[in-house]
Amino acid sequence: MTVSKMGKSRLEINFRRLLSRCELMAKDNPSDDWRLETFIANLEEMLSEMDKSPNAPNKETLSSYVRRLEFLKGLMDTNTITNPIEKVFAAQHLNPSPDSVSKETHQKTVTKYTRELRDELFGDSGLRQRQMESSDDMDSLLKHHNNMHEKIAENMLSLARNMKEKSQLAGEIIKKDIQVVEKSSHLAEKNFSQLRVESERLQEHSRRAWKCWMWIMLVVVIVIFINMVLFMKVMKKRKY
């Protein structure tokens with residue numbers, strides 16, 4: 001693979017160029033350019049290939065690339081959300097990289113979605129407000145504004161409940177996984193203890209069996225020796 005004078009591979013140079021172009025496209029308006037999604041997919045493939053390359057950049061540089069790419073993917077995902085409140089919430093929780101382009105894009109995106117939410121909630125109130133003011137119906141005007149505020153509060157509470165339920169569900173899953181791991185660990189320790197006891201018992205049994213066979217062989221040798229002595233004495237007496 002060709003390496004540049006600055007030590008960057010050709011793949012990394014192409015990756016940086018495409019990444020910078022995508023960041024500029026996202027800064028202008030990510031929803032207006034259909035090519036951005038395709039470019040991001042290409043960036044993911046190039047990043048994976050670059051990570052496996054022998055000329056891969058250091059971990060800090062790779063981490064920076066991953067963070068910038070994840071921010072772009074987060075922008076695309078946020079753009080697909082239909083609920084305006086959830087869209088604003090998701091945009092606020094995006095994690096831009098420290099560079100000025102990402103920070104500016106993040107701020108611009110949050111401002112844009114906040115303005116859209118405000119326009120949706122209060123966009124149709126202008127005509128109603130003028131009609132109610134022309135008839136001096138201040139009670140209806142106040143009621144209308146109260147209803148709008150209640151709608152915002154209900155949507156925020158609904159979003160908070162959904163997040164709480166998801167966090168509780170994730171906590172329960174993690175708790176169950178921890179219990180399974182603890183049970184598996186306890187069972188492994190129990191099996192290991194039993195295996196050690198059985199191993200010691202087998203060794204003790206082997207030592208006892210060896211001692212038993214040693215005594216048997218000793219007795220056999222003694223018996224054979226005594227028989228040989230007796231046989232020799234008998235043979236001597238017959239000769240005489």
Side-chain angles (χ1 to χ4, degrees), residues 1-123 155-156 158-160 162-167 169-171 173-174 177:
M1 181 176 291
T2 305
V3 181
S4 68
K5 295 181 180 180
M6 298 299 293
K8 296 183 177 66
S9 65
R10 185 174 299 277
L11 177 61
E12 184 179 359
I13 294 174
N14 293 334
F15 176 85
R16 289 170 62 90
R17 289 175 178 173
L18 183 58
L19 180 61
S20 299
R21 182 178 180 184
C22 289
E23 287 175 339
L24 292 176
M25 293 169 63
K27 179 182 176 182
D28 294 337
N29 197 343
S31 60
D32 290 344
D33 201 330
W34 58 269
R35 298 174 299 172
L36 184 57
E37 185 175 357
T38 303
F39 289 163
I40 291 177
N42 293 335
L43 284 172
E44 288 184 307
E45 295 178 358
M46 295 170 67
L47 182 62
S48 177
E49 183 179 352
M50 185 167 51
D51 186 27
K52 300 175 183 178
S53 172
N55 296 322
N58 56 46
K59 293 184 178 180
E60 183 178 356
T61 304
L62 277 175
S63 178
S64 174
Y65 292 158
V66 170
R67 185 173 179 180
R68 292 167 67 181
L69 183 56
E70 289 297 325
F71 175 68
L72 291 175
K73 291 169 61 179
L75 284 176
M76 298 299 297
D77 293 338
T78 303
N79 189 54
T80 60
I81 299 176
T82 56
N83 189 306
I85 296 178
E86 294 182 0
K87 181 177 275 190
V88 172
F89 184 82
Q92 290 174 345
H93 285 76
L94 289 174
N95 187 22
S97 57
D99 61 279
S100 58
V101 177
S102 296
K103 288 184 177 180
E104 185 177 352
T105 302
H106 182 232
Q107 183 178 3
K108 183 178 179 181
T109 302
V110 173
T111 303
K112 173 187 174 183
Y113 292 151
T114 303
R115 184 172 61 250
E116 290 178 357
L117 174 61
R118 183 189 59 194
D119 293 341
E120 181 171 341
L121 292 177
F122 300 104
N155 289 332
M156 295 298 294
S158 177
L159 180 60
N162 291 335
M163 293 185 61
K164 182 178 179 181
E165 291 176 357
K166 291 179 180 178
S167 62
L169 180 60
I173 294 175
I174 295 173
D177 292 340

So does [Y] get a backbone contact from the side chain of [X], meaning a donor-acceptor N/O pair under 3.5 Å?
{"X": "Ser48", "Y": "Glu45", "value": "no"}
{"X": "Asn79", "Y": "Leu75", "value": "no"}
{"X": "His106", "Y": "His93", "value": "no"}

I need the [X] [atom1] to [Y] [atom2] distance, nearest 0.5 Å.
{"X": "Leu47", "Y": "Leu19", "atom1": "CG", "atom2": "CG", "value": "9.5 Å"}
{"X": "Ile40", "Y": "Leu36", "atom1": "CD1", "atom2": "CG", "value": "4.0 Å"}
{"X": "Leu43", "Y": "Leu72", "atom1": "CG", "atom2": "CG", "value": "7.5 Å"}
{"X": "Leu18", "Y": "Leu69", "atom1": "CG", "atom2": "CG", "value": "9.5 Å"}
{"X": "Glu37", "Y": "Cys22", "atom1": "CD", "atom2": "SG", "value": "11.5 Å"}
{"X": "Lys108", "Y": "Lys27", "atom1": "NZ", "atom2": "NZ", "value": "7.0 Å"}

For residues [X] and [Y], report the shortest heavy-atom separation together with the two atoms involved.
{"X": "Pro57", "Y": "Tyr65", "result": "CG-CE1, 4.2 Å"}
{"X": "Asp77", "Y": "Thr80", "result": "O-OG1, 2.6 Å"}
{"X": "Asn55", "Y": "Ser9", "result": "CB-CB, 4.3 Å"}
{"X": "Pro96", "Y": "Ser102", "result": "CB-O, 3.8 Å"}

* How would you list all residue pairs meeting salt bridge (Lys or Arg N to Asp or Glu O under 4.0 Å) that involve residues 57-69, not counting sequence neighbours? ->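 Qualifying pairs: Glu23-Arg68.
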* Using a 4.5 Å cut-off on heavy atoms from C-beta on, say whether the side chain of Ile81 contacts that of Tyr113. =>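 They are not in contact (no side-chain heavy atoms under 4.5 Å apart), so the answer is no.
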* Do Glu70 and Asn95 touch side chain to side chain, with heavy atoms closer than 4.5 Å? ->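 A side-chain contact under 4.5 Å is absent here.
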* **Test log, rule side-chain contact (heavy atoms from CB on, under 4.5 Å), inputs Thr109 and Lys112** => CA-CA 5 Å; Thr109 302; Lys112 173 187 174 183; 5.6 Å; no
* With Gln107, which residues qualify under side chain to side chain contact (heavy atoms under 4.5 Å, CB included), at least two apart? ->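 Side chain to side chain contact (heavy atoms under 4.5 Å, CB included) check on Gln107 returns Thr111.
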* Asked: Side-chain donor-acceptor pair under 3.5 Å between Asn58 and Thr61, yes or no?
  ->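 Yes, because at least one side-chain N or O of Asn58 sits under 3.5 Å from a partner of the opposite role on Thr61.
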